[in-house]
2 protein chains.
Amino acid sequence: MVKKSLETATADLVQAIGLLVRRVRAAGGVQEVSWSQTSVMKRIAASGPATIADLARAESVKPQSMGTTVAALEEMGFVERKPHPTDGRQMMIELTPKGAAELKRTVDAKRAWLLHAISQLDASDQQTLFAAEEIIRRLAERDAV
Amino acid sequence: MVKKSLETATADLVQAIGLLVRRVRAAGGVQEVSWSQTSVMKRIAASGPATIADLARAESVKPQSMGTTVAALEEMGFVERKPHPTDGRQMMIELTPKGAAELKRTVDAKRAWLLHAISQLDASDQQTLFAAEEIIRRLAERDAV
DNA sequence: TATTGTTATACTCTATAACTATA
DNA sequence: TATAGTTATAGAGTATAACAATA
């Protein structure tokens, strides 16, 4: 096979990711917690309470969008807003015990299909996939403003 | 490092993909052609004219959603609807020369950031990423109805 | 009856703009 | 002035429901 150009390979990667995202969505049915919401909960669980602005930067969305995401999580009782101890403008977003429990059910119905599909890959493919995960994460965090 | 469970690794992969998708979107600014639209054009370019129903199945969306996507591409002059030769119900979606030209500009402004980021990875990381692309594509095509 | 496609409507995620409160 | 957050509004992408035309 002729080696793809970097441009072609990148375009193919973007397409493949889009296909997988839609495939997972199609398999998901009604979702209690969205990808964005889960990502925020995972982040708070890993790094501790954070402000809306911090979360927005980390997740590459605008603060207004993160406000919506956090409000939805708050509505479900998965996070709480606490006033910042010294800066009256900021709100610290904390994970509630209910949110931590929700997060523990790491793979919810939405991701059951993907888990099953990955579990049927051979060990080598799984290894490649999870090695790529680390690279994808590094790319996503590149130049995060 | 302790080996992650498959559940944890899958959840981390989902999060990483979500982060990258948002990161690319944030870098993109105004986009002429969306991920979904590009994916459809790539598919027609690779496999030839297809019906709305075929495209919907392949892209894991509902026919109504694919109708919207195709209508947008048609509006931009990138695809054309042709009546099916024998089945009066079906419409064959074909790529126009304008669409093919658009597709050749494989990496548009939206993906320039990603191309640049990937170009700065070392060769080994690039290889892992593109090996994963093939696996991701296989996953996405699994059980496609 | 089953399939293809269209139209109408709604929901999720994110964006921009305009505002208030605090630093 | 600059930053953190909120409220209002809009757009893209997808979904469900109801329908018409054809097989």
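In what follows, chains are A, B, ... by sequence order, proteins preceding strands, each numbered from 1.
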From the set [options], return the single nucleotide nearest to any side-chain atom of [X].
X     : options                : value
B:R25 : D:dT14, C:dA15, C:dT14 : C:dT14
A:R81 : D:dG5, C:dC13, D:dT16  : D:dG5
A:Q90 : C:dT14, C:dC13, D:dG5  : D:dG5
B:S36 : D:dA17, D:dT6, D:dG13  : D:dG13
A:M91 : D:dG5, C:dA17, C:dG5   : D:dG5

Between [X] ([atom1]) and [N] ([atom2]), how many Å, whole number?
X     : N      : atom1 : atom2 : value
B:M66 : D:dT16 : CE    : P     : 15 Å
B:H84 : C:dT3  : NE2   : C1'   : 13 Å
B:K62 : D:dT14 : NZ    : P     : 13 Å
A:K82 : D:dA4  : NZ    : P     : 21 Å
A:Q64 : D:dG11 : CD    : C1'   : 15 Å
A:R23 : D:dA15 : CZ    : P     : 12 Å
B:L73 : D:dA12 : CG    : C1'   : 13 Å
B:L55 : C:dG5  : CG    : C1'   : 13 Å

(message) Taking the nucleotide of DNA chain D with the nearest heavy atom to each, does A:D87 or A:R22 sit closer to the 5' end?
(response)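 Mapping each residue to its closest nucleotide by heavy atoms, the 5'-most match is A:D87.
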(request) For B:T69 and for B:R89, locate the closest nucleotide of DNA chain D by heavy-atom distance; then report the residue assigned to the nucleotide nearer the 5' terminus. (result)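 By nearest-heavy-atom nucleotide position, the 5'-most residue is B:T69.
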(message) Any side-chain to backbone donor/acceptor pair from B:Q126 onto B:L121? Under 3.5 Å, distance only.
(response)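 Flag set: sc B:Q126 to bb B:L121 pair under 3.5 Å.
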(request) Before accepting this row, confirm whether a basic side-chain N of the pair B:K82/B:E80 lies closer than 4.0 Å to the acidic partner's carboxylate O. (result)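 Looking at B:K82 and B:E80, the cut-off is met.
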(message) Between A:K4 and B:E133, does any NZ, NE, NH1 or NH2 come within less than 4.0 Å of an OD or OE carboxylate oxygen?
(response)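 Yes, charged N to carboxylate O under 4.0 Å.
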(request) Would you indicate, yes or no, if D:dG13 has its OP1 or OP2 atom less than 4.0 angstrom from a side-chain nitrogen or oxygen of B:Q37? (result)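 Answer yes for this pair, as a side-chain N or O of B:Q37 is under 4.0 Å from OP1 or OP2.
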(message) So, OP1 or OP2 of D:dA15: does either fall under 4.0 Å of a side-chain N or O from B:S65?
(response)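 It does, given that an N or O in the side chain of B:S65 lies less than 4.0 Å from OP1 or OP2 of D:dA15.
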(request) To the nearest 0.5 angstrom, please state how far the CZ atom of B:R142 sits from the CZ atom of B:R138. (result)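 Output value for this atom pair is 11.0 Å.
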(message) Quick check: do B:V21 and B:I17 have side-chain heavy atoms less than 4.5 Å from each other?
(response)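 Heavy-atom side-chain distance check passes, below 4.5 Å.
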(message) Does A:T68 reach a base, just sugar-phosphate, or nothing at all? Heavy atoms under 4.0 Å.
(response)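 Base contact - A:T68 has a heavy atom under 4.0 Å of at least one base atom.
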